[in-house]
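Have a look at the structure below, then the notes.
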Amino acid sequence: MTGNEAVNKAGNEAENAAANENTRSTVRFGQYAPASRVIVHLSDPHLLADGKRLYDALDVEANLLQALDQVERMGIVPDALVFTGDLTDLGEPDAYRRLRAHVEPAAARIGAPIVWLMGNHDERAVMRTELLGLAASDEPIDGVWDFGGLRLIGLDSTVPGWHHGELTDAQLDWLRSILATPAPLGTIVAMHHPPVPSPMPFFDILELREQDRFAEVLRGSDVRAILGGHLHYSTSGTFAGIPVSVASATCYSMNLSLPPYEVNGMFGGQSFNLVHVYEDGITHSVVPLGDHQTAATFSAEFVERMAALTPEERLEAFSRKR
Ligand SMILES: [Fe+2]
Ligand SMILES: [Fe+2]
């Protein structure tokens with residue numbers, strides 16, 4: 001998928017933006033206006049053919065469906081569901097078909113377009129034919145999407161046959177040409193290999209290489225955030241002065257509480273991120289997978305009552321210690 005094809009595939013972003021405006025709260029309880037755009041950032045589902053379990057133990061499909069179910073139950077209409085790679089574990093055709101069969105209907109119900117990005121466990125040609133409905137090719141799967149003025153650039157940071165990451169000269173030239181024209185709400189770059197160091201030493205072998213070349217293209221641009229995956233734990237940092245946010249995996253997460261050289265996967269701690277785009281900033285909020293007991297909920301009547309109060313009355317009703 002080239003950038004232009006991706007723009008065309010994004011299609012109904014204007015309709016989505018309009019729908020979002022309707023569903024977002026118009027009541028302002030604090031100093032910030034509601035986020036103008038919301039992205040659900042998921043990563044590393046690592047699906048296998050025939051619904052097989054990862055390591056013969058982990059039901060990765062159930063975990064993905066759990067994540068989608070949680071998004072659906074939020075009752076929001078995000079601008080996009082962005083998957084930052086390692087969509088499959090082995091690049092098998094059936095794994096992509098199963099991914100498509102699970103995610104496309106959920107995304108349709110949620111009302112959000114899907115952005116699929118390559119990870120080192122994926123295979124470009126198979127992903128093109130089985131997931132994207134495109135002709136087979138081993139060219140990078142990069143793309144540009146426009147979500148009501150918020151530009152999202154997806155970069156394929158994978159190297160065929162390897163697990164580390166790279167961006168080619170052609171990709172960096174392409175990125176530079178896109179960024180030459182700023183977008184109304186700025187740009188988010190999404191990619192599998194995040195340009196941040198890891199406290200887990202072995203991950204640095206699998207890092208994005210020659211990051212200075214990437215930084216040079218980003219400096220001075222309108223890029224407001226970089227979304228990544230690959231690490232299987234939630235982390236954040238900065239790169240070329242730009243905030244970087246890594247979503248953990250939906251399949252399994254890394255147990256960072258082990259000594260650094262012993263860190264490995266654990267069947268817990270999975271999550272996805274909610275990316276809220278405000279006028280002056282972007283937040284990345286981690287949503288743990290799983291149906292945990294809820295402490296309390298607010299009734300619709302309570303919300304209405306709070307909305308009807310003045311800011312001073314609201315402070316009195318909600319902030320004063322009893
Ligand atoms: Fe992964
Ligand atoms: Fe990865």
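Read the numbers this way: they start at 1 and go in the same order the structure lists the ligands and their atoms.
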Between the Fe ion (ligand 2) and His163, is there an N, O or S atom separated by less than 2.8 Å? no
Over all heavy atoms of both residues, which pair between Asp142 and Asp156 is shortest? Give the atoms and the distance, please. OD1-N, 2.6 Å
Taking atom NE2 of His232 and atom CE of Met254, what is their separation to the nearest 0.5 Å? 6.0 Å
Examine all N, O or S atoms of His46, backbone included, and report whether one is under 2.8 Å from the Fe ion (ligand 1). yes
Provide the atom name of the closest N, O or S atom of Asp86 relative to the Fe ion (ligand 1). OD2
Flag yes if more than 12 heavy atoms outside Tyr32 fall under 6.0 Å of its OH atom; otherwise flag no. no
For residues Phe318 and Phe29, establish whether the separation of their ring centroids is below 6.0 Å. no
In His230, the N/O/S atom nearest the Fe ion (ligand 2) carries the name ND1
With respect to the Fe ion (ligand 1), please indicate if His121 possesses an N, O or S atom at a distance under 2.8 Å. no
Per residue Asp44, nearest N, O or S atom to the Fe ion (ligand 1) is named OD2
Could you check Asp79 against Leu150 for side-chain contact (heavy atoms from CB on, under 4.5 Å), going step by step and ending with a plain yes or no? CA-CA 10 Å; Asp79 294 278; Leu150 175 70; over 6 Å; no
What is the name of the N/O/S atom of His192 that is nearest to the Fe ion (ligand 2)? NE2
Is Asp89 paired with Lys52 through a side-chain N to carboxylate O contact shorter than 4.0 Å? no
